[in-house]
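For clarity, every value in this text was computed on a predicted model and none was experimentally measured. Each chain gets a letter, A, B and so on, in the order the sequences are listed, and its residues count up from 1.
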Amino acid sequence: MLKATLKTKRLHSTQSVSDTPHLPQLSREVKFTVHTKTTLSSFQKPEFSVPRQHEDFIWLHDTLVETEDYAGLIIPPAPPKPDFEGPREKMHKLGEGEATMTKEEYTKMKQELEAEYLAVFKKTVQVHEIFLQRLSSHPILNKDRNFQIFLEYDQDLSVRRKNAKEMFGGFFKNMVKSADEVLISGVKEVDDFFEQEKTFLLDYYSKIKDSTAKAEKMTRSHKNIADDYIRISATLNSLSSDDSTANKKHLEKMSDLFEKLRKVEGRVASDQELKLTELLRYYMRDIQAAKDLLYRRARALADYENSNKALDKARLKSKDIPQAEEHQQQCLQKFDKLSESGKKELTSFKGRRVVAFRKNLIEMAELEIKHAKVRSSIQLYYICFIMCTNELQYAWGICKILCEQI
Amino acid sequence: MFVLLCFQSGPASLTTEDLSTNANGPKQASLFDDDPDDLFAEATEEVSLDSPDRDVLLSDGPSPAITPMTPPTSVITPRIVHLTKPSTIEEEDGGDSFDIHISVSDPEKVGDGMNAYMAYKVTTKTSMSLFKLREFSVRRRFSDFLGLHSKLASKYLHIGYIVPPAPEKSIVGMTKVKVGKEDQSSNEFVEKRRSALERYLMRTVKHPILLKDPDVLQFLESSELPRAVSTQALSSAGLLRMVNKAADAVNKMTIKMNESDAWFEEKQQHFENLDVQLRKLHASVESLVLHRKELSMNMASFAKSAAMLGNSEDHTALSRALSQLAEVEEKIDQLQQDQANADFYFLSELLGDYVRLITAVKGVFDQRMKTWQKWQDSQMMLQKKREAEAKLQFNNKPDKLQQAKDEIKELEMKVQQGERDFEQISKTIRKEVGRFEKERVKDFKSTVIQYLETLLQTQQQMIKYWEAFLPEAKAIS
């Protein structure tokens with residue numbers, strides 16, 4: 001049994017003048033703590049923690065990809081770099097607009113900023129943790145030596161990480177690969193299962209990429225609405241403080257209403273992001289990993305076919321036949337191995353995908369219902385308040401709401 | 001006391017405990033719980049229905065002598081019955097109680113090309129004896145409305161009445177309609193204008209003095225109306241208006257009035273502030289409308305994308321769930337669209353109206369200043385004439401003296417009139433501002449309630465849609 005969990009610390013400001021949270025400029029500044037619990041004897045202790053950075057995760061992923069033995073496996077996609085661009089932009093805007101805003105407006109926007117910052121953290125932790133959990137639950141990958149090192153080695157891993165030269169190598173590899181993707185479509189497929197999978201994955205990938213982008217746009221719109229609510233709430237507040245008529249209380253309450261609505265709106269945006277957008281994004285990357293598997297297998301098939309041709313040529317020339325035969329056998333073995341494990345991997349991938357979608361869609365629907373109910377209650381409460389011309393009616397109204405809720 | 005009332009009504013009994021410690025009701029509490037892993041718990045406050053105000057209200061509540069309310073006969077309907085009804089304002093001078101309702105409807109394009117115009121049906125329903133019939137309608141075009149406003153303004157503004165401003169001209173909007181583009185934006189434009197014209201007429205007739213004005217009556221009742229040519233922007237009357245406006249602005253800067261009345265000073269400041277805040281609020285609401293429309297568009301495009309994803313998906317149950325998700329999102333996008341319209345028509349337009357109204361109110365204060373100036377001017381003239389008279393007496397010119405004495409008498413009357421005018425306009429303005437503020441409160445309250453009702457309906461619908469989707473998601477095996 002192997003269980004890895006992830007924690008991270010919120011970074012606090014080194015006392016800056018405006019007392020705003022210090023946002024990480026580089027992913028290097030985000031420090032994770034990887035905590036492992038295990039019963040396997042291959043580890044020195046049953047429970048231990050190590051500090052890690054984002055780059056360490058990337059290193060682990062890349063070494064797994066480059067390991068020949070794992071060519072027939074879907075390597076879990078690497079977690080994306082922590083992206084604090086959103087909160088950073090907001091912080092910038094906040095700094096610029098500080099002079100024109102009222103104190104309440106400024107405080108509220110700062111709250112929004114903090115909430116967004118935390119949301120990014122939550123997302124980052126989630127995606128890094130999923131990566132480790134995928135590895136620790138995979139029967140072959142969880143035995144990988146580098147994975148063990150990642151979990152156990154209590155010193156800084158940076159000495160083992162890619163140096164610049166290796167990084168370039170990776171870059172070129174990717175370039176060649178996309179040219180080869182054209183190759184995949186060209187290679188004649190012998191197995192129906194893989195033919196279907198290829199068609200399915202290529203199509204699904206483009207659709208899911210599109211859906212991810214559209215979901216992101218939806219989230220952004222929700223956030224914009226939440227910002228508008230802040231400004232409306234603040235202006236209503238100023239109006240109410242200037243007002244001396246019967247409107248004063250109404251304005252105050254309206255201001256409150258919008259303040260509460262924007263909190264809900266903010267949570268809708270982040271819930272939607274976590275449950276829907278992140279789900280789509282993750283599976284987009286996972287499908288890419290599955291496509292990579294297909295690519296590797298197609299390469300192996302091409303190699304096998306080439307080795308066949310070489311064998312034929314050798315037989316024709318009656319030269320180097322044993323080497324050619326041996327090479328052909330190796331290619332065939334490799335191809336068969338890839339096909340066999342590939343089939344298993346792709347089947348379990350489908351199951352995994354269905355389970356994840358189910359869970360997230362259910363959770364998202366439940367959250368949407370919860371938020372809509374909260375919104376209705378809030379609105380009902382305020383309608384009651386404003387409608388009622390005296391406290392007695394008002395109390396009566398509240399009773400009605402409570403009775404309905406029960 | 002709170003508990004007592006509740007016992008009479010509720011289907012379930014509530015203990016004091018439930019109410020005081022968890023006043024939101026047991027179900028409500030669970031909605032606000034944060035899970036322990038929730039990073040948000042640190043950053044945000046709890047969304048809570050509790051407010052200190054409420055507790056105060058409840059504890060100061062009715063005396064025990066109040067007789068219990070009759071329990072509701074039906075379960076609370078989620079939809080609140082609409083509260084909007086034509087408001088009844090008590091006429092100060094007795095007579096008819098205010099009962100008149102005007103609607104503007106059936107926009108119809110008349111004519112073709114650049115001479116085309118929209119004609120609207122103006123229907124009046126009333127029981128007031130001021131009118132010949134109880135229900136009648138006429139057809140009017142936009143320039144008729146402008147003409148009415150211009151007549152009323154020339155009659156009443158300078159004596160201190162707040163004349164509601166007419167909707168603004170829009171050359172771009174009208175050109176599109178004239179050219180015959182039957183698209184969404186020109187339909188929206190016509191609807192926006194129709195709604196604005198209706199509000200304009202209702203505001204005008206709510207004013208007890210304006211209601212009785214013969215021009216208003218003629219506008220509402222007579223089938224034929226002489227065309228108000230002077231309202232065209234490029235007419236000579238239009239140019240004259242522009243020149244006058246500029247002159248007024250210059251004058252305003254040069255008049256230095258000694259404000260003896262603190263009430264006016266305070267009110268002017270109040271309206272200045274109100275102007276600034278309302279404009280800001282209006283801008284924010286316009287931004288909200290825009291963003292909600294964007295949300296609706298983004299939801300629609302996501303729905304399409306999700307549907308395509310569902311088609312691609314080879315797992316049957318998941319495929320169906322994704323298609324259902326697409327449907328839900330599409331329905332909700334429609335909801336958001338409707339909500340954006342509500343945001344607009346209720347909030348944004350109301351705020352726009354009030355920004356213009358405040359300008360009219362400020363105009364009335366300016367008129368008062370002008371009246372004061374006139375009075376001061378005649379006083380100065382009188383002073384000069386008196387000095388001249390004294391000089392003449394000294395120089396002994398009897399015939400010129402008589403003329404001077406006559407002029408002085410005239411000026412004295414003018415000064416007295418000026419003073420009366422100033423006093424009258426001040427009195428009128430006080431009354432008008434009082435009425436305006438009362439109207440404002442009522443207007444805002446009823447509009448806010450209508451708006452909140454739309455918000456509520458939207459949420460109720462959303463709950464229905466998501467609750468219908470949930471079993472589909474759970475059905476994925």
- Message: Heavy-atom count check: over 12 atoms from other residues, nucleotides or ligands less than 6.0 Å from A:K209 NZ?
- Response: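 It does not: A:K209 NZ has 12 such atoms or fewer within range.
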- Taking everything shown except B:Q461 itself, do over 12 heavy atoms lie less than 6.0 Å from its CD?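 Yes.
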Less than 4.5 Å to any heavy atom of chain B: does that hold for the side chain of [X], its backbone, both, or neither?
X: A:Y205; answer: neither
X: A:L257; answer: side chain
X: A:E366; answer: both

- Which residue out of A:V354, A:L276, A:L239 racks up the most heavy-atom pairs below 4.5 Å with chain B?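 Sorted descending by pairs with chain B, the first entry is A:V354.
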- Message: With chain B as the partner, which of A:I362, A:L251, A:D210, A:L361 has the greatest number of non-hydrogen pairs under 4.5 Å?
- Response: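 Between A:I362, A:L251, A:D210, A:L361, the count favours A:I362.
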- Does the distance from a Lys or Arg side-chain N to an Asp or Glu carboxylate O, for B:R440 and B:D443, drop under 4.0 Å?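 Salt bridge between B:R440 and B:D443, a charged N being under 4.0 Å from a carboxylate O: no.
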- Query: Under the side-chain contact (heavy atoms from CB on, under 4.5 Å) test, which residues partner A:E265, sequence neighbours left out?
  - Reply: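 With neighbours one apart ignored, the set is A:H222, A:I225, A:A226, A:Y229, A:R375.
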- Query: Counting distance only, does the side-chain N/O of B:S287 pair as donor-acceptor with the main-chain N or O of B:A283 below 3.5 Å?
  - Reply: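 No; zero donor-acceptor contacts below 3.5 Å.
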- Can you tell which of B:Q277, B:K280, B:K304, B:E329 has the highest number of heavy-atom pairs within less than 4.5 Å of chain A?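 With the most close heavy-atom pairs to chain A, the winner is B:Q277.
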- Message: Looking at chain A, which one of B:R292, B:E437, B:E294, B:M462 has the largest number of heavy-atom pairs inside 4.5 Å, strictly under?
- Response: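 The residue among B:R292, B:E437, B:E294, B:M462 with the greatest pair count is B:R292.
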Chain A contact via [X] - which portion, at a heavy-atom distance below 4.5 Å:
X: B:Y451; result: side chain
X: B:V285; result: both
X: B:E467; result: both
X: B:L322; result: side chain

- Query: A:L261 versus A:Q379: any side-chain heavy-atom pair under 4.5 Å?
  - Reply: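 Counting from C-beta outward, A:L261 and A:Q379 do come under 4.5 Å.
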Using atom types as modelled, flag every donor-acceptor pair under 3.5 Å from a side chain in residues 307-321 of chain B to any protein atom, sequence neighbours excluded.
| from | atom 1 | to | atom 2 | distance (Å) |
| --- | --- | --- | --- | --- |
| B:S312 | OG | A:D203 | OD2 | 2.4 |
| B:S312 | OG | A:K207 | NZ | 3.4 |
| B:E313 | OE1 | A:Y204 | OH | 2.6 |
| B:E313 | OE1 | A:R353 | NE | 3.3 |
| B:E313 | OE1 | A:R353 | NH2 | 3.2 |
| B:E313 | OE2 | A:R353 | NH2 | 2.6 |
| B:E313 | OE2 | B:H315 | N | 3.1 |
| B:D314 | OD1 | A:K350 | NZ | 3.3 |
| B:D314 | OD2 | A:K350 | NZ | 2.7 |
| B:H315 | ND1 | B:L318 | N | 3.2 |
| B:H315 | NE2 | B:S477 | O | 3.4 |
| B:S319 | OG | B:G310 | O | 2.7 |
| B:R320 | NE | B:E472 | OE1 | 3.4 |

- Message: I want to know whether B:Y465 and B:F469 have ring centres closer than 6.0 Å.
- Response: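 No, too far apart.
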